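Reckoned from all heavy atoms, side chains included, excluding hydrogens, waters and symmetry mates. Keep in mind that this is a model prediction, so the values were computed, not measured.
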Amino acid sequence: MNKGKLIVISGFSGAGKGTVVKGLVDKYGYSLSVSATTRAPREGEVDGREYYFKSVSEFKNLIDYNGFIEWAQYVDNFYGTPRKFVEDEINAGRDVILEIEVQGAMNIKKQYPDAVLIFICTKDVDTLLERLHKRGTESEDVIHKRVIRAAEESEVISEYEYIVINDDIDTCIDTVNSIIISKHCRKEEREEFAKNLVAELRAYGK
């Protein structure tokens, strides 16, 4: 059985990457790795669904026991990707999506060179600000921090294989899915299949 692919999706806060990821899971059936975080749950969020919500001490304990394949600190909170689920899914031949920040994505790239890195962004800064304000969940100070952080993140966009502009959510979801399919169709991924097909055709022709 071929191993699944590890798909890393990052993006500016407010660019809609969470909505894109949800669409990929709902529409195309990808496995989603649920991250752990020390931030407080937002209204409607459920522990184990959106995130595993941890105290700082619980999170640091998991770091000590190598429980994360990556972790990072972002706007005063910690975020991490649990190791066991990801590796079990990949070994079972299923594609796994990680929705993580750029610092974690760079760590993943070092550990898993075959991971597919995709960055989601808005078409311009005005659209980003509009979406952040529309959420209505954060103070102006936090929004300001997120925009400053976006400026920092933009410095490493070139490290991602693909950059997708989320101007229309359905188009964005379908575009990301097409990218993943194309990675599976590369000749390196289908080498064994091609060899078997050639052998069958030669046998048929004898």
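- Panel note: side chain E50, backbone V46; a donor-acceptor pair is recorded below 3.5 Å.
- Checking side-chain atoms of E45 against main-chain N and O of R42 turns up a donor-acceptor pair under 3.5 Å.
- With hydrogens and angles ignored, the 3.5 Å screen pairs no side-chain donor or acceptor of R39 with any backbone N or O of N77.
- By the 4.0 Å N-to-carboxylate-O rule, R83 lies close enough to E87 to be salt-bridged with it.
- When the side chains of ILVMFWY residues are joined at heavy-atom separations under 4.5 Å, either directly or via intervening members, F53 and L62 end up in two distinct hydrophobic clusters.
- Panel note: side chain Q111, backbone I69; a donor-acceptor pair is recorded below 3.5 Å.
- Checked against the 6.0 Å centroid threshold, F59 and Y79 do not count as a close aromatic pair.
- In the hydrophobic clustering of this structure, V96 does not group with V21; members are Ile, Leu, Val, Met, Phe, Trp, Tyr whose side-chain heavy atoms approach within less than 4.5 Å, directly or through other members.
- Rounding to the nearest 0.5 angstrom, the gap separating the CH2 atom in W71 from the NZ atom in K60 is 8.0 Å.
- Atom OG of S182 sits about 9.5 Å away from atom CG of N177, to the nearest 0.5 Å.
- Contact of the H144 side chain with the I148 side chain is registered, since non-hydrogen atoms from C-beta on lie closer than 4.5 Å.
- Counting all heavy atoms, side chain and backbone alike, V20 lies closest to C172 at CG2-SG, 3.7 Å.
- Annotation for K183: atom NZ counts as buried by contact number, over 12 foreign heavy atoms lying within 6.0 Å.
- Distance check, rounded to the nearest 0.5 Å: CG of L128 to SG of C121 gives 9.5 Å.
- V25 and I173 fall within the same hydrophobic cluster, where Ile, Leu, Val, Met, Phe, Trp and Tyr residues are linked whenever their side-chain heavy atoms come under 4.5 Å apart, directly or through other members.
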Problem set entry | Derivation of the side-chain contact (heavy atoms from CB on, under 4.5 Å) call for S31 and I97 | CA-CA 6 Å; S31 293; I97 291 177; over 6 Å; no
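- Note that the CG atom of L6 and the CZ atom of R94 stand 14.0 Å from one another [nearest 0.5 Å].
- Residue T127 forms a side-chain contact (heavy atoms from CB on, under 4.5 Å) with just one option from I165, T122, N166, and that option is T122.
- Of all heavy-atom pairs spanning S33 and L98, the tightest one is CB-CD2, 3.2 Å.
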Problem set entry | CA sep, side-chain torsions, deciding dist, call: L117, E159, side-chain contact (heavy atoms from CB on, under 4.5 Å) | CA-CA 8 Å; L117 271 63; E159 298 294 327; 5.6 Å; no
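- Nearest heavy-atom pair, S35 versus P82, reported as atom, atom and distance to 0.1 Å: CA-CD, 4.2 Å.
- Between Y30 and I180 there is a side-chain heavy-atom pair separated by less than 4.5 Å.
- To the nearest 0.5 angstrom, E153 atom CD is 6.5 Å from F12 atom CZ.
- Distance CD/E99 to OG1/T81: 10.0 Å, rounded to 0.5 Å.
- When side chains are defined from C-beta on, E140 counts as touching H133, because their heavy atoms get closer than 4.5 Å.
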For this session: Step by step, work out the side-chain contact (heavy atoms from CB on, under 4.5 Å) result for S139 and I143.
Result: CA-CA 6 Å; S139 66; I143 289 174; over 6 Å; no
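- When atom types are taken as modelled, the side chain of S10 and the backbone of F119 share no donor-acceptor pair closer than 3.5 angstrom.
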For this session: For Y28 and D174, run side chain to side chain donor-acceptor pair (under 3.5 Å): C-alpha distance rounded to whole Å, both residues' side-chain angles, the deciding distance at 0.1 Å, then the answer.
Result: CA-CA 9 Å; Y28 295 108; D174 291 342; 2.7 Å; yes
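- Note on M106 and I157: same hydrophobic cluster, where clusters join Ile, Leu, Val, Met, Phe, Trp and Tyr whose side-chain heavy atoms are under 4.5 Å apart, directly or indirectly.
- Of the possible donor and acceptor atoms, none in the side chain of E155 sits under 3.5 Å from a partner among the backbone N and O of E152.
- Taking all atoms of both residues into account, the shortest heavy-atom contact from G80 to F68 is C-CD2, 3.7 Å.
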For this session: Mind running side-chain contact (heavy atoms from CB on, under 4.5 Å) on V176 and I120 for me, showing each step along the way?
Result: CA-CA 9 Å; V176 173; I120 307 294; 4.1 Å; yes
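- Hydrophobic clustering (ILVMFWY, side-chain heavy atoms < 4.5 Å, transitive): I108 and I9 are in distinct clusters.
- Across every non-hydrogen atom of D95 and K5, the tightest pair is OD1-N, 2.7 Å.
- Looking at every heavy atom in both residues, Y51 comes nearest to V34 through CA-CG1, 3.6 Å.
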